Amino acid sequence: MAANETPYRYDAARACEIELHWQARWLADGANRAANPGDPGFDASRPKYYILDMFPYPSGAGLHVGHPEGYTATDILTRYKVMRGFNVLHPMGWDAFGLPAEQYAVQTGVHPAVTTRSAIDNFRRQLQRLGFAYDWSREFGTIDPDYYRWTQWIWLRAYHSYYDESRACARPIAELEAQCADEDRATGTDGTPWSKCTPAQRQGYLDTVRLAYIGVQTVNWCPALGTVLANEEVVDGRSERGSHPVFRMPLRQWMFRITAYAQRLLDDLAIVEWPESTRTMQAEWIGRSEGADVQFAVAGFGALTIFTTRPDTLFGATYMVVAPEHPLVEWACAHNPASAADIGGYVTRARNRSDLDRQAESRDKTGIPLGLTATNPATGLPIPIWVADYVLMAYGTGAIMAVPAHDERDFAFATRFSLPIRQVVAAADGTAFSADAAACEAGIACNSSNHELSLNGLPTASAARAMIDWLQSKGCGVRRINFRLRDWLFSRQRYWGEPFPVVFDESGMHYPVSPEALPVQLPTLADYAPVQSDQPLPPLGKATQWVQTTAGAAGVDVRLLDPQTPVRRETNTMPGWAGSCWYYLRYCDPRNSTRFVSKEAEHYWMGDRGVDLYVGGSEHAVLHLLYARFWHKMLFDLGEVTTREPFAKLYHQGMITSFAFERADGTLVATDAVHEVNGGWVETANGAPVTRVIAKMSKSLKNVVTPDEVVAEYGADTLRLYEMSMGPLADSKPWNTRDIAGVFRFLQRVWRLAIDERTGELLLARAPDAAVERLLHRTIHKVAHDIEKLAFNTAIASLIELVNAATRPTAMIDAADGGLTRDQMNRFLRALSPFAPHICEALWEKLGEASSVTTSQWPVVDVAMLVDESIEMPVQIQGKVRARVQVPTAADAAQIEAIVLSDAMVVQAMAGRTAKKVIVVPKRMVNVLV
RNA sequence: AGGCCUGUGGCGGAAUUGGCAGACGCAGCGGACUUAAAAUCCGCAGAGUUCACCCUCAUCCGGGUUCAAGUCCCGGCGGGCCUACCA
């Protein structure tokens with residue numbers, strides 16, 4: 001009965017029908033295609049805008065409602081910018097190589113090429129079902145040979161380049177080779193002139209300067225994952241992914257010399273419009289510190305060099321510590337057989353301890369004396385040298401001078417082993433030095449003089465300068481800037497990644513594959529499982545036919561190697577980050593088969609400052625965003641791109657969380673094990689009360705929501721609108737299924753405003769209501785303003801207010817009464833369309849408009865409609881609101897004051913007292929002080 | 001341990017950045033329509049107080065600046081994120 005009365009209602013079925021219809025049409029019409037310069041239909045007079053979402057990694061589980069949050073935001077902005085006359089590039093693709101896909105394949109026994117493709121298909125289906133205005137003609141995946149061909153090409157560009165410190169940019173390594181030959185430069189450790197060097201020696205030298213180089217490094221080896229990991233992928237001594245233990249071991253690996261770019265990566269954080277927190281995290285990761293290298297003489301050994309940020313405390317250095325891996329340790333054992341066993345024992349224990357264990361013991365310092373002394377260059381006194389694992393080989397020089405009086409770690413160590421503590425800095429505020437804690441703050445140097453130098457009385461900064469000057473004059477120290485950032489380990493012992501375009505001959509020398517021979521295709525391997533072992537064994541090693549080949553077959557330039565030469569391919573693969581380092585460039589020109597991106601397309605879409613808006617999660621604040629910046633800067637130096645930075649403006653959407661329930665003991669309960677009892681919640685099994693808390697969505701808590709289920713129940717427009725109305729884009733917000741009904745009802749009201757649910761006929765007002773017309777102008781104005789601010793929640797609130805104001809009461813039978821006129825409806829639909837494009841298309845068509853609402857112009861606002869003739873102003877007496885007065889909008893402060901003081905309510909509230917002072921803020925408020 | 005962010009009704013959140021706290025939505029309550037319900041429409045709705053009006057109190061707690069503080073400053077408490085022996 002009821003259904004018959006309103007057969008044209010906007011319900012889930014109708015929403016879905018409309019959405020599928022328009023999604024198919026957009027795709028068929030190429031509605032969201034962006035034309036490149038030179039393409040038919042390209043309009044050079046329009047400004048460009050490049051809006052990018054972070055590359056999704058398609059997992060087998062499909063999308064959850066967190067994914068579309070950022071995508072909906074960028075979609076709204078895209079549609080808005082298009083209506084504003086911009087050429088908008090808004091692409092989507094897939095980051096599909098890497099560990100998770102491979103792990104999933106190993107678990108299921110289905111080849112990653114298969115599982116990845118089906119995951120991509122599923123992601124694409126889900127995204128298209130939400131009606132996002134991506135230019136799907138630009139879609140690609142990192143696993144496409146047409147794409148990774150260029151990933152390999154960029155790697156080769158780095159391989160063929162070195163960092164010219166004098167010019168602070170990357171240059172072709174051929175230039176350096178030519179210089180070496182011209183000058184017959186002595187290279188390497190033994191000083192052999194270039195002309196006398198063997199090819200292997202020359203290559204060895206060049207490998208010390210290449211941007212993509214091979215070298216022996218202490219790496220993070222994760223036996224459970226069967227691969228090594230980058231520093232960025234290791235958290236608390238465990239793998240970031242899967243949380244498996246990670247061990248340190250030396251290995252010959254491909255690296256990127258990202259450290260050459262440390263200063264520029266730091267400096268250029270100033271020219272990007274990024275969240276402060278993200279810039280801070282990158283700056284801290286790069287970790288610049290200023291200080292000095294200081295040499296301490298060790299009898300027999302030579303100089304022990306340390307790095308310190310506090311050269312001003314050199315007089316307080318009472319002992320030294322080297323890392324267990326430091327060469328001095330081995331030397332000490334060789335020269336002091338008596339204690340060699342003890343030292344060796346300590347070093348072995350320290351080395352076998354994973355970083356995780358070191359972490360667990362945290363402040364409990366361990367160490368053992370080396371039985372050596374060094375001479376403190378400032379005091380001339382001998383000080384003992386210890387080995388301890390609180391000093392890290394990878395930072396600085398792997399050795400420190402210990403100043404226990406002014407360094408917490410050294411203080412803890414000195415206390416533990418009863419080493420002397422010598423104060424050399426006095427607190428600036430005169431606080432006396434206490435022997436139970438280190439005083440690390442800057443202060444005034446004291447007890448710091450020898451017969452040539454006195455720092456006494458100098459504040460820390462100038463004391464440090466004076467000390468460095470003195471050390472430099474004595475030739476035993478030098479000013480130095482040190483970075484925490486280390487070179488980027490770029491090899492993985494896994495199958496599912498880009499192969500390196502490089503081969504080795506029998507002597508172990510490496511040769512690049514020539515660019516024309518790219519891509520080096522990843523061979524199809526039936527057994528791709530990682531080998532769990534103590535030693536890294538790349539799975540590609542099993543493809544013996546592929547690995548063992550000839551220089552000619554591998555595509556090595558004949559000028560480098562005779563085509564018949566037997567060579568072995570590199571069996572490591574690139575890490576998952578490789579593909580995402582440059583995908584934003586490929587989107588500019590995704591089908592180019594002769595260049596990674598045409599100069600013209602790159603120049604047009606990247607413009608002066610790169611991607612205009614980049615939206616993605618803050619979890620990539622360091623890893624992806626640092627790597628991509630590094631690649632971009634290399635490409636910039638090599639003349640391949642035109643901007644210094646890839647992403648001009650970055651925005652992190654917040655996480656969508658969910659509810660879970662917590663027992664009295666703090667443990668969590670799955671949502672399906674709880675039910676609501678008059679306003680509270682109890683655990684179904686035992687009736688015990690539980691409290692609702694906010695938690696991450698997880699399978700175990702049964703609180704994961706997928707877009708598919710929401711779309712089925714309400715439609716895509718409702719899902720989009722709900723996610724945008726939840727709160728500020730940047731905040732983390734809990735999903736509350738109950739709230740979705742609110743925005744769904746809003747869309748139903750929009751529909752009902754335009755359509756008679758009983759007949760399906762248009763409902764349009766005869767004449768515009770003046771108040772509604774004013775409100776419409778204000779709404780459109782506010783929505784535009786809010787979209788530019790990415791404040792979608794408040795934009796939606798104002799659209800709701802407008803619809804509520806325009807909604808005709810049920811009792812109003814005549815369709816031509818109330819509601820919106822055709823012209824008003826037209827403008828309203830255009831303003832709503834970026835948020836809920838499908839329903840707007842359907843109603844737009846009902847209005848008789850021929851083309852799509854998405855190609856219409858953003859409605860024009862009459863600024864005269866934004867101001868009223870008179871406004872109500874609150875009047876405070878003594879800071880409390882006691883009255884409201886109506887004043888002309890144009891009234892100045894004096895006129896307002898006059899109106900206020902003559903107002904009956906005000907007079908009454910003042911109770912005969914006289915105004916001592918009247919503060920008038922036009923258009924805001926009035927405060928009368930009596 | 002340090003750094004950054006954050007704290008507003010029963011709930012998600014607004015507040016033009018110092019100017020009427022609680023927009024909008026959820027949940028709730030009342031009314032109209034209906035035989036009834038659903039749906040819809042119209043209202044109410046921070047707390048206190050003898051309907052209402054008024055008044056008082058109210059943006060985690062305590063101080064401060066100001067004619068005026070959710071907003072700025074100082075101190076404390078709670079929540080979140082990041083870093084964590086980096087010399």
Side-chain angles (χ1 to χ4, degrees), chain A residues 1-3 5-6 9 235-236 275-278 280-281 284-285 287 289 291 306-310 313 321 358-359 361-365 388-392 394-403 407-410 412-413 482-486 618-619 621-622 654-655 657 659 679-680 692 694 721-722 725-728 730-743 745-746 748-749 752 757 782 785 791 793-801 804 807-812 872-881 883-884 916-919 921 923-929:
Chain A
M1 178 75 178
E5 281 178 11
T6 56
R9 226 182 136 83
V235 178
D236 290 347
E276 197 53 47
S277 59
T278 302
T280 303
M281 280 168 68
E284 285 175 356
W285 187 263
S289 41
I306 59 100
F307 173 73
T308 177
T309 55
R310 291 292 299 275
T313 62
V321 187
R358 290 196 193 184
Q359 198 68 43
E361 295 176 25
S362 141
R363 310 276 165 207
D364 269 349
K365 298 278 186 290
D389 65 5
Y390 84 92
V391 172
L392 310 174
Y395 184 78
T397 62
I400 62 156
M401 67 174 195
V403 185
D407 182 283
E408 276 177 36
R409 299 149 301 180
D410 298 343
F413 191 83
N482 197 49
F483 291 95
R484 200 186 85 123
L485 183 71
R486 291 174 226 153
S618 58
E619 67 273 18
V622 174
M655 193 176 18
T657 54
F659 291 121
R692 193 169 77 166
I694 288 167
L721 221 41
Y722 173 61
S725 68
M726 290 170 76
D731 291 4
S732 113
K733 309 162 277 276
W735 184 270
N736 191 355
T737 302
R738 199 184 264 173
D739 289 346
I740 304 172
V743 283
R745 286 200 280 255
F746 163 64
Q748 287 185 311
R749 260 194 321 277
R752 202 177 294 123
E757 295 186 319
K782 176 165 174 58
H785 188 72
N793 54 332
T794 49
I796 292 168
S798 66
L799 286 163
I800 293 174
E801 282 182 82
N804 289 349
T807 292
R808 60 191 107 228
T810 318
M812 203 173 276
E872 187 189 78
M873 281 179 68
V875 179
Q876 297 181 343
I877 313 289
Q878 300 292 74
K880 289 195 186 291
V881 180
R884 289 164 221 284
K916 286 201 193 105
K917 189 176 180 186
V918 181
I919 294 152
V921 184
K923 295 180 187 163
R924 288 276 172 269
M925 69 139 50
V926 178
N927 195 359
V928 181
L929 304 179

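The structure presented is a predicted model; accordingly, all values stated were derived computationally and were not measured. The chains referred to below are lettered A, B, ... by the order of the sequence lines, with proteins before strands, and numbering in each begins at 1.
- Distance noted for atom P between B/rG75 and B/rG2: 13 Å (whole Å).
- Inter-residue side-chain proximity for A/Val622 and A/Glu284 is flagged as unmet; no heavy-atom pair is nearer than 4.5 Å.
- Distance check: A/Met655 CE to A/Glu619 CD gives 8.5 Å after rounding to the nearest 0.5 Å.
- Between A/Thr794 and A/Lys782 there is a side-chain heavy-atom pair separated by less than 4.5 Å.
- For B/rC53, the base is anti relative to its sugar; the glycosidic angle deviates from 0 by more than 90°.
- Taking atom P in both B/rC33 and B/rC42, the straight-line distance is 15 Å, to the nearest Å.
- For the C1' atoms, the distance linking B/rA38 with B/rA32 amounts to 15 Å, nearest Å.
- Nearest nucleotide to the A/Arg745 side chain, out of B/rC26, B/rC85, B/rA23: B/rC26.
- Of all heavy-atom pairs spanning A/Ala412 and A/Lys365, the tightest one is CB-CG, 4.2 Å.
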For residues 873-881 of chain A, please give each side-chain donor-acceptor pair under 3.5 Å, one per line with the distance, not counting sequence neighbours.
residue	atom	partner	partner atom	Å
A/Gln876	OE1	A/Asn927	ND2	3.4
A/Gln878	OE1	A/Val930	N	3.1

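- Among the heavy atoms of the strands lying under 4.0 Å from A/Ser289 are primed sugar atoms or P, OP1, OP2 only; no base atom is included.
- A straight line from CG of A/Leu799 to P of B/rA23 spans 18 Å, rounded to a whole angstrom.
- When both pairing distances are held under 3.5 Å, B/rC29 makes a Watson-Crick or G-U pair with B/rG43.
- Counting to the nearest Å, the P atom of B/rA84 and the OH atom of A/Tyr390 are 19 Å from each other.
- With a glycosidic angle no more than 90° from 0, B/rG9 adopts the syn conformation.
- A donor-acceptor pair is defined here as one N or O able to donate and one able to accept, closer than 3.5 Å; such a pair exists between the side chain of A/Thr657 and the backbone of A/Lys733.
- Out of B/rC20, B/rA14, B/rG25, the shortest distance to the side chain of A/Pro728 is found at B/rA14.
- Every residue two or more places apart in sequence or in another chain was checked for a side chain to side chain donor-acceptor pair (under 3.5 Å) with A/Ser277, and none qualifies.
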Exercise. In B/S/- notation, 5' to 3', how is nucleotides 2-8 of chain B contacted by protein heavy atoms closer than 4.0 Å?
Worked result: -------
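- Following rounding to the nearest Å, A/Tyr722 (OH) and B/rG12 (C1') show an atom-to-atom distance of 7 Å.
- Defined by atom type and a distance below 3.5 Å, a donor-acceptor pair is present between the side-chain atoms of A/Tyr390 and A/Asp410.
- Checking B/rA21 for Watson-Crick or G-U wobble geometry (two distances, each under 3.5 Å) identifies no partner in any strand.
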For this session: Applying side-chain contact (heavy atoms from CB on, under 4.5 Å), run through A/Trp735 and A/Ile740 and close with a yes or a no.
Result: CA-CA 9 Å; A/Trp735 184 270; A/Ile740 304 172; 3.6 Å; yes
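- Shortest non-hydrogen contact noted between A/Ala621 and A/Thr278 is CB-CG2, 3.7 Å.
- Among the nucleotides B/rC24, B/rC85, B/rA84, the one closest to any side-chain atom of A/Ala797 is B/rC24.
- Checking side-chain atoms of A/Asp731 against main-chain N and O of A/Gly654 turns up no donor-acceptor pair under 3.5 Å.
- A/Asp410 comes within 4.0 angstrom of nothing in the nucleic acid, heavy atoms only.
- To the nearest whole angstrom, the two C1' atoms, one in B/rU83 and one in B/rC72, are 29 Å apart.
- Closest to the side chain of A/Arg484, from the set B/rC20, B/rU83, B/rA87, is B/rU83.
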For this session: Show your reasoning for whether side-chain contact (heavy atoms from CB on, under 4.5 Å) applies to A/Phe746 and A/Ser725.
Result: CA-CA 12 Å; A/Phe746 163 64; A/Ser725 68; over 6 Å; no
Pull out every protein N or O sitting under 3.5 Å from an N or O of nucleotides 54-56 of chain B, one pair per line with the distance.
residue	atom	partner	partner atom	Å
B/rC55	OP1	A/Arg882	NH1	3.1

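- Note that the CD1 atom of A/Ile919 and the CZ atom of A/Arg924 stand 16.0 Å from one another [nearest 0.5 Å].
- Comparing the same atom, P, in B/rC5 and in B/rC11 gives a spacing of 26 Å after rounding to whole Å.
- Across all strands shown, B/rA15 forms no Watson-Crick or G-U wobble pair with both key distances under 3.5 Å.
- Non-hydrogen atoms lying under 4.0 Å from RNA chain B are contributed by A/Ser732, A/Pro734, A/Arg738, A/Asp739, all within residues 731-741 of chain A.
- Formation of a donor-acceptor pair under 3.5 Å by the A/Tyr722 side chain with backbone atoms of A/Asn736 is found in this model.
- Applying the 90° criterion around 0 to the glycosidic angle, B/rU17 comes out syn.
- Between B/rA87, B/rC85, B/rU40, one nucleotide has an atom nearer to the side chain of A/Lys365 than all others, and that is B/rC85.
- Across every strand in view, B/rC4 sits in a pair with B/rG80 that passes the Watson-Crick or G-U test at under 3.5 angstrom.
- Between B/rU71 and B/rU59, the distance separating the two C1' atoms is 10 Å to the nearest Å.
- Residue A/Asn482 is out of contact with every strand shown, counting any heavy-atom pair closer than 4.0 Å.
- Across A/Phe413 and A/Ala388, no two heavy atoms sit closer than the pair CE1-CB, 3.7 Å.
- Remark: P of B/rU83 and CG of A/Leu485 are 15 Å apart, rounded to the nearest angstrom.
- Comparing A/Glu801 and A/Ala394 by the nucleotide of RNA chain B that holds the closest heavy atom to each, the one mapping nearer the 5' end is A/Glu801.
- Straight-line distance between the P atoms of B/rG7 and B/rA87: roughly 33 Å, to the nearest whole Å.
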Short heteroatom pairs, N/O only, protein and nucleotides 15-19 of chain B, under 3.5 Å:
residue	atom	partner	partner atom	Å
B/rU16	O2	A/Arg924	NH2	2.7
B/rU16	N3	A/Arg924	NH1	3.1
B/rU16	N3	A/Arg924	NH2	3.0

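- Atom CE in A/Met726 sits roughly 20 Å away from atom P in B/rA23 (whole-Å rounding).
- Atoms CH2 (A/Trp285) and P (B/rU83) sit 7 Å apart, rounded to a whole Å.
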For this session: Evaluate the side-chain contact (heavy atoms from CB on, under 4.5 Å) criterion for residues A/Arg749 and A/Ile800: first the C-alpha distance (whole Å), next the side-chain angles of each, then the deciding distance (0.1 Å), finally the verdict.
Result: CA-CA 9 Å; A/Arg749 260 194 321 277; A/Ile800 293 174; 4.1 Å; yes
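- In this structure, A/Phe746 places its CZ atom 11 Å from C1' of B/rG25, rounding to the nearest Å.
- When the C1' atom is used for both B/rC20 and B/rC29, the distance is 26 Å, rounded to whole Å.
- Atom C1' of nucleotide B/rA23 and atom CG of A/Asn793 are separated by 11 Å, given to the nearest angstrom.
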